[in-house]
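One structure below.
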Amino acid sequence: MRTLDNIRFVLVGTTHPGNIGAAARAMKTMGLSNLHLVAPLHYPSAEATARASGADDVLAKAVVHTSLDEALVGCHQVYGMSARLRHLPVPVVNPREAVTSIQHYADDAQVAIVFGREHSGLSNDELDRCQHLINIPANPDYSSLNLAAAVQVMAYELKMSFDPTIEAGRVGEIREAIDASDLEHLYGHFEQALTTIGFLDPQQPRNLMRRLRRLYNRADLDRNELQILHGILRAAETQRGQEK
Ligand code: SAH
């Protein structure tokens, strides 16, 4: 997996320590661990630890700074998270668009993602420090997410783009694809077995085979499932043979 180690989340002026804990938890669930805090109102705090709920390791290594400048030392690119779409000179992108460029930079440089205060967001001076702005497209009439919820959305998008096992589609069982000739073979087997067991009358086939084709074409069968169906048909044929 491409590394998320070069990405730091910077929370500026957080008022509620519970949000710091919830942000740490949100980050850890997505494999992020570099948390930087700029002048938090109450920190360390028992409430932060409680809300981190098992992500205390992320909290324990969180770095506290007195200024945003200090938190950005060593960062090549700075992304600011903004709930408001003001008339800003910097282009604003959504998280999904942003991760493409973040991935590009984070390969060999430090990238910061900066989150603002619960009540007032980031100041204009702080927004000026960001080369890029990210807005989570939300309800235009109610667009401000809870701080930790915004952290979660951004962390999730990073995880989705950095982890190749997710890009591949499924985690877990690998489904082996089948092709059209496998399906034809299956339908041939159905026809033969259903005739053998007396379910299909070749003289009066009605639309049975067409309906079965429609059913199994919808099912997006993989090789394993195909083999199960052949097995069931063979068992039915054998059973019938023994009865006769
Ligand atoms: N009332 C503040 C919002 C504060 S929410 C304001 O209007 O700016 C706290 C922080 O969460 C914001 O500063 C921002 O960093 C992040 N955030 C919340 N909602 C967001 C959204 N829709 N898009 C991007 N960031 C968001």
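It should be emphasised that the depicted structure is a prediction, and the values quoted were computed from it without experimental measurement. Both ligands and their constituent atoms are indexed starting at 1 by order of listing. We count residues from 1, following the sequence as given.
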Do any pairs count as a salt bridge (Lys or Arg N to Asp or Glu O under 4.0 Å) and have a residue in residues 91-108, sequence neighbours left out, and if so which ones? Arg2-Asp107, Arg96-Glu157
Any idea how His230 and His189 line up, ring-wise: parallel (<30°), tilted (30 to 60°), or perpendicular (>60°)?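 Answer is parallel, since the angle falls under 30°.
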Is there a donor-acceptor pair under 3.5 Å between the side chain of Ser120 and the backbone N or O of Arg117? no
Taking the side chain from Asp182 and the backbone from Asp179, do they hold a donor-acceptor pair closer than 3.5 Å?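 Here the side-chain-to-backbone pair exists.
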Name all residues meeting the side chain to side chain contact (heavy atoms under 4.5 Å, CB included) criterion together with Asp5; count only those two or more places apart in sequence or in a different chain, and write none if there are none. Thr3
All pairs passing ring-ring contact (aromatic ring centres under 6.0 Å, His included) where residues 4-54 contributes a residue, at least two apart: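 Residue pairs passing ring-ring contact (aromatic ring centres under 6.0 Å, His included), neighbours aside: Phe9-Phe115, His36-His65.
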Do any nitrogen or oxygen atoms of ligand 1 lie under 3.5 Å from a protein nitrogen or oxygen, and which ones?
residue  : atom   : partner : partner atom : Å
ligand 1 : 1 (N)  : His119  : O            : 3.2
ligand 1 : 7 (O)  : Arg84   : NE           : 2.9
ligand 1 : 8 (O)  : Arg84   : NE           : 3.3
ligand 1 : 8 (O)  : Arg84   : NH2          : 3.2
ligand 1 : 13 (O) : Gly116  : N            : 3.1
ligand 1 : 15 (O) : Met81   : O            : 2.8
ligand 1 : 15 (O) : Gly116  : N            : 3.0
ligand 1 : 19 (N) : Leu145  : N            : 2.9
ligand 1 : 22 (N) : Ile136  : O            : 3.1
ligand 1 : 22 (N) : Ser143  : O            : 2.9
ligand 1 : 23 (N) : Ser82   : O            : 3.2
ligand 1 : 23 (N) : Ile136  : N            : 2.8

